[in-house]
Every structure is written in structure tokens, then in C-alpha cells.
Amino acid sequence: EAGVAQSPRYKIIEKRQSVAFWCNPISGHATLYWYQQILGQGPKLLIQFQNNGVVDDSQLPKDRFSAERLKGVDSTLKIQPAKLEDSAVYLCASHLGGLSDTQYFGPGTRLTVL
Amino acid sequence: GQSLEQPSEVTAVEGAIVQINCTYQTSGFYGLSWYQQHDGGAPTFLSYNALDGLEETGRFSSFLSRSDSYGYLLLQELQMKDSASYFCAMRYSRGQNFVFGPGTRLSVLP
């Protein structure tokens with residue numbers, strides 16, 4: 001089966017610009033996560049969707065970050081305006097749900113804010 | 001809230017056995033997962049423990065003690081390709097909510 005797809009793989013922007021990331025999860029996976037991973041740290045959850053509803057966005061900086069998952073399939077994460085500290089890898093993961101234990105991660109988008 | 005602790009770095013030689021520990025604090029606990037991440041790559045799932053005891057998958061084993069809020073990943077017959085970062089991740093709700101630890105960087109020396 002196809003894995004989790006993400007684009008773009010790399011993005012360089014200047015501070016105060018906006019940027020958007022796209023994720024297409026594994027077909028049939030109801031749960032989708034966006035994580036931020038700063039170099040040398042573990043992934044930090046930004047937002048979790050169950051189908052097209054938000055389950056947890058408690059750590060999403062809502063003044064600048066937004067995310068949506070229309071039709072419960074693919075998802076976009078947007079940053080507007082970007083700050084220097086947003087430089088990180090943005091990982092999308094999907095989860096089948098139920099008794100499954102596994103999150104499947106996409107390759108990530110490496111964002112550099114100058 | 002939830003938090004996990006792991007050693008930041010571990011070094012071992014090829015062919016050896018290494019144990020990576022993880023302790024956690026949480027108000028709700030459903031299980032502990034382990035993920036491997038090579039530099040520049042995505043995390044990949046290794047194992048999951050929901051109950052106390054040892055789970056073995058090839059050269060990798062994972063252990064959980066819920067009473068001690070503690071788990072570990074055991075890697076046997078280390079190979080150079082095992083050099084990577086290893087993360088424990090705690091499932092703290094029925095709704096597939098996870099929090100990741102800070103990661104342990106494993107270096108395997110020849």
C-alpha cells in the first residue's frame with residue numbers, strides 16, 4: 001500500500017511570509033496527526049484529526065498556525081506569518097484507529113525561516 | 001500532563017547489546033511505543049507494549065512495567081545500521097493520543 005505523502009519536501013521562506021504544507025494519509029486511516037520536530041528533539045503534536053474533526057489542537061499556536069482536513073482525507077497545515085523559531089521538520093502521520101498501535105509517518109517537510 | 005524521559009545519547013560497539021530506558025508520568029496510560037528515526041528520515045514504528053512484560057521482534061525487544069512507569073527497548077547483535085535516534089511514545093488515551101519522548105541517539109561503533 002502507498003505510504004503517507006507530504007509536499008513540499010523542503011521550503012525556505014523569510015520571516016513574516018506564509019507557507020502551506022500538504023499531507024495525504026494512507027487510504028482508510030481515520031486519524032491524522034501533524035507534528036513539529038525541531039532538530040535534536042522528539043516530535044511535538046500540533047493537531048490531531050479524527051476523520052475531518054479536530055480531536056486535539058491544544059499545542060497549536062492558533063495565532064499563526066491553522067490546519068484543515070476537508071472530506072476526512074488529505075490535510076493542509078498553514079503558517080502565517082512565519083517566525084524564525086518555526087524552522088523545523090513538519091511531520092504528518094496517520095493511524096488506522098481501533099486496536100492498531102502504529103502511526104505511519106510521511107517523509108516530512110523541512111522548513112527554514114530566514 | 002504527560003512527560004517522558006530518555007537518556008540523550010548511548011554508544012555501543014557492533015555485535016553488542018544495548019538497552020534504552022524510558023520513564024513516564026501521566027494521568028492516563030494505554031501503552032508505550034518505540035520508534036526509530038535515521039538522520040533526515042521519518043520515524044518508523046518498532047514495537048508497542050500495552051501490558052507488562054517483554055515483546056520480542058527479531059533483534060529488538062521492548063519491555064514495560066506499568067507499576068514502575070518504566071519501559072525499555074533492547075537491541076541485540078547491534079549493527080552499524082542501527083545508529084539512529086530512538087523515541088518512546090506514550091499513548092495516554094483511548095483516542096489514539098500520543099506524546100513522544102525527547103529521543104535517545106544511539107551510535108554504533110565498529
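Convention: sequence-line order gives letters A, B, ...; per-chain numbering from 1.
- Glu55(B) and Ser47(B) share no side-chain donor-acceptor pair at under 3.5 Å.
- The two residues Phe100(B) and Pro43(A) make their nearest non-hydrogen contact at CB-O, 3.5 Å.
- Proximity to chain B (any heavy atom under 4.5 Å) is restricted, for Gln41(A), to the backbone atoms N, CA, C and O.
- Only the side chain of Gln37(B) comes within contact range of chain A, with at least one heavy atom under 4.5 Å from a heavy atom of that chain.
- Under 3.5 Å, the side chains of Tyr35(A) and Gln48(A) contain no donor-acceptor pair of N or O atoms.
- Interface remark: Thr102(A) contributes backbone and side-chain atoms alike to the contact with chain B (heavy atom separation under 4.5 Å).
- With a 4.5 angstrom heavy-atom cutoff, Pro43(B) touches chain A via backbone and side-chain atoms both.
- There is no contact between Tyr30(B) and chain A, counting heavy-atom distances below 4.5 Å.
- Counting all heavy atoms, side chain and backbone alike, Asp82(B) lies closest to Leu106(B) at O-CD2, 3.6 Å.
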Between Tyr72(B) and Phe63(B), does the ring pair (Phe, Tyr, Trp, His ring centres under 6.0 Å) criterion hold? Intermediate values first, please. CA-CA 5 Å; Tyr72(B) 65 72; Phe63(B) 173 82; 4.9 Å; yes

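- Note on Pro107(A), Ala93(A), Gly42(A), Gly40(A): by heavy-atom pairs under 4.5 Å with chain B, the leading option is Gly42(A).
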